[in-house]
Amino acid sequence: MPSGTGKQQLPDNSNSGALEGVRVLELGQLIAGPFCGQVLADMGAEVIKIELPGRGDPMRDWGQGEPVWWPVVARNKKCITLDVRSGQGKAIIGELVEKADIVLENFRPGTMEKWGLGYADLARLNQGIIMVRVSGYGQSGPYSSRAGYGGIGEAMGGLRYIVGDPSTPPSRVGISIGDTLAAMFAAIGALSALQFRQRTGQGQVVDSAIYEAVLGVMESTVPEYDQLGTIRERTGSILAKVAPSNVYPTSDDDMIIMGANQDTVFARLCEAMQQPELAKDERFSTHVARGENQALLDDMISAWSKGFTADDLLALLEQHAVPAGRIYRAPDMLKDEHFIARESIVEVEHPKYENLKMQNVFPRLSATPGSVKWTGPALGEHNGEIYRELLGYSDSDLERLNKDGII
């Protein structure tokens, strides 16, 4: 077995996990909706992803050189094809809704209503249905009908402005963080709505907007301006007024990130530096003082850290219980003993990619842990199972629907 992963033999398509027994219909495409579906499927929900015949989700073709994103974002899902825009397709969706707990979609607001599949339509079929809606600006308000992508939500939510070096224009994080944040808030909303339905039998709409998901993790940026008139700016590798917390050089040209901004931790760092008096120096003795003298303190620590190799520096900091670590890329993760011990990255079977590695299921539940049961399926791979076994269609029914372009 290659280092860095735990080998997972993929079992049959039976569900297990904390959400076993919950059925989700996933419509929509790309990231914001499907990542929410991935989270729910990882925890054991039966997620039935519905794609247009012959086309499918564009994520099937996304990736850096090879379309290896699809096996992750569609893992543990059952994929069927259905033209939901047709009258027959709408009727079939209705049959599925009657047997479902959650309908998940991330189209532009109004699209589902145009197809006759808005929440009011679904609730007439299933009073307990939970409709999870992920969009750029939410289901209401003057911007709701606008097309909204993750990057725009990141900008409007305040994240883009503070990411990057102050000498450059705002940077992006490097992943689709706006989409995934909205998806995770949507998953939290879905679980909350399930708990409410368990008490009352009543379904509801979960409205997760990308810009609000970003806004929700923006810490104290709003009250800082509201009460102090302060606008947080781009600060590169530091967080302004929080020190020491930065990237520091080593003698072997590595970079170590270190966080010692709490008083007690800073005192331990001073011991490691063999300069315990710094912890009582009025320039550095409090959180506020260290913030005011951030640049000076970072220069002092950098001059000290350059005297060590990365390995020796990390060993010394660990000895003094000072949080520190390397800045990892994928190769570093694959060989790290902690990643290996916890199986943070798993190796899974795939019909095309040998020894395909991907991140495991998080968070970890002690009694009902999730797992990667299978990777993103082929287009329409589960048509037979869903249409025959769940809806009771015959072979002739499927032949007709296929011939008519419905599935």
Side-chain angles (χ1 to χ4, degrees), residues 151 154-155 157-175 177-178 181 214-314 316-318 320-329 332:
E154 292 163 25
L159 180 63
R160 284 291 181 98
Y161 183 76
I162 63 172
V163 174
D165 189 87
S167 64
T168 66
S171 301
R172 68 170 296 145
V173 173
I175 58 172
I177 190 70
L181 281 172
V214 174
L215 178 62
V217 299
M218 289 302 294
E219 301 177 352
S220 59
T221 52
V222 171
E224 283 170 10
Y225 174 73
D226 177 56
Q227 295 298 313
L228 306 172
T230 301
I231 297 177
R232 197 178 295 190
E233 301 289 341
R234 292 186 294 286
T235 53
S237 62
I238 66 169
L239 186 60
K241 306 296 184 181
V242 176
S245 182
N246 206 342
V247 178
Y248 301 96
T250 63
S251 62
D252 51 352
D253 295 323
D254 206 339
M255 295 181 295
I256 298 301
I257 189 166
M258 185 192 314
N261 47 287
Q262 186 179 350
D263 289 351
T264 54
V265 181
F266 178 66
R268 296 200 295 267
L269 173 61
C270 295
E271 292 287 344
M273 296 173 65
Q274 297 184 343
Q275 299 182 61
E277 68 279 2
L278 288 179
K280 298 180 180 180
D281 188 313
E282 63 180 12
R283 298 171 299 173
F284 312 123
S285 59
T286 67
H287 175 81
V288 173
R290 289 191 297 276
E292 293 297 326
N293 295 281
Q294 187 166 28
L296 173 61
L297 183 56
D298 276 344
D299 287 344
M300 295 172 66
I301 296 172
S302 294
W304 168 75
S305 68
K306 287 179 182 177
F308 299 86
T309 65
D311 286 342
D312 289 344
L313 179 60
L314 286 171
L316 178 62
L317 293 172
E318 181 180 353
H320 287 81
V322 176
R326 285 184 166 88
I327 298 174
Y328 275 9
R329 302 169 301 154
D332 306 299

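Note that this is a predicted model, so its numbers are computed, not measured.
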Query raised in the report: With sequence neighbours left out, what residues match Leu228 under side chain to side chain contact (heavy atoms under 4.5 Å, CB included)?
Result: Thr230
**Report entry** Considering all heavy atoms, the nearest Ile175-Glu154 contact
**Finding:** O-OE2, 4.3 Å
Query raised in the report: When you look at CD of Glu318, are more than 12 heavy atoms from neighbouring residues, nucleotides or ligands closer to it than 6.0 Å?
Result: no
Report task. Would you give the length of the straight line joining atom CG of Leu215 to atom CG of Leu181, rounded to the nearest 0.5 angstrom? Result -> 11.0 Å
**Report entry** Separation of Trp304 CH2 from Leu313 CG (nearest 0.5 Å)
**Finding:** 5.0 Å
Query raised in the report: So, for Gly158 and Ile162, which heavy atoms are closest and what is the spacing to 0.1 Å?
Result: O-CG1, 3.9 Å
Report summary line: Applying side chain to side chain contact (heavy atoms under 4.5 Å, CB included) to Ile231 and not counting sequence neighbours gives Tyr161, Tyr225, Glu233
Query raised in the report: Are the side chain of Asn293 and the backbone of Ala289 linked by a donor-acceptor contact shorter than 3.5 Å?
Result: yes
Query raised in the report: Distance-only, no hydrogens or angles: does the Ser220 side chain make a donor-acceptor pair with backbone N or O of Pro223 under 3.5 Å?
Result: no
**Report entry** Exercise: identify the closest heavy-atom pair between Leu316 and Ala272
**Finding:** CD2-O, 3.8 Å
Query raised in the report: Can you find a heavy atom in the side chain of Arg326 that is under 4.5 Å from one in the side chain of Ile256?
Result: yes
Query raised in the report: What residue among Asp253, Leu314, Asp254, Asp252 forms side chain to side chain contact (heavy atoms under 4.5 Å, CB included) with Thr309?
Result: Asp252
Query raised in the report: How many angstroms lie between CG in Leu269 and CG in Leu297, if you round to the nearest 0.5 Å?
Result: 8.0 Å
Query raised in the report: Does Arg172 use its side chain to pair, donor to acceptor, with the backbone of Gly151 at less than 3.5 Å?
Result: no
Query raised in the report: Closest approach of Val322 and Gly259, non-hydrogen atoms and distance?
Result: CG1-O, 4.4 Å
Requested in this report: Give the minimum heavy-atom separation between Ala279 and Cys270, together with the two atoms involved.
Outcome: N-SG, 3.6 Å
Query raised in the report: Are any non-hydrogen side-chain atoms of Val242 and His287 less than 4.5 angstrom apart?
Result: yes
Query raised in the report: Would the number of heavy atoms belonging to other residues, nucleotides or ligands and lying under 6.0 Å from CD of Gln274 be above 12?
Result: no
Report task. Would you give the length of the straight line joining atom OG of Ser305 to atom CE of Met273, rounded to the nearest 0.5 angstrom? Result -> 8.5 Å
Query raised in the report: Do Arg234 and Asp165 have side chains that get closer than 4.5 Å, going by heavy atoms?
Result: no
Query - Option among Asp281, Asp298, Asp263, Asn261 that satisfies the side chain to side chain donor-acceptor pair (under 3.5 Å) test with Arg290 - result: Asp263
Report task. Carefully, step by step, assess Arg232 and Met218 under the rule side-chain contact (heavy atoms from CB on, under 4.5 Å). Result -> CA-CA 10 Å; Arg232 197 178 295 190; Met218 289 302 294; over 6 Å; no
**Report entry** NZ-CD distance between Lys241 and Gln294, expressed to the nearest 0.5 angstrom
**Finding:** 7.5 Å
Query raised in the report: Does a side-chain heavy-atom distance below 4.5 Å link Glu271 with Pro276?
Result: yes
Report task. For residues Val265 and Pro323, determine if any side-chain heavy atom of one lies less than 4.5 Å from a side-chain heavy atom of the other. Result -> yes
**Report entry** Closest approach of Phe266 to Phe284 (non-hydrogen atoms, all atoms of both residues)
**Finding:** CE2-O, 3.6 Å
Query raised in the report: Going from CG on Asp312 to OG1 on Thr250, what distance comes out if it is rounded to the nearest 0.5 angstrom?
Result: 10.0 Å
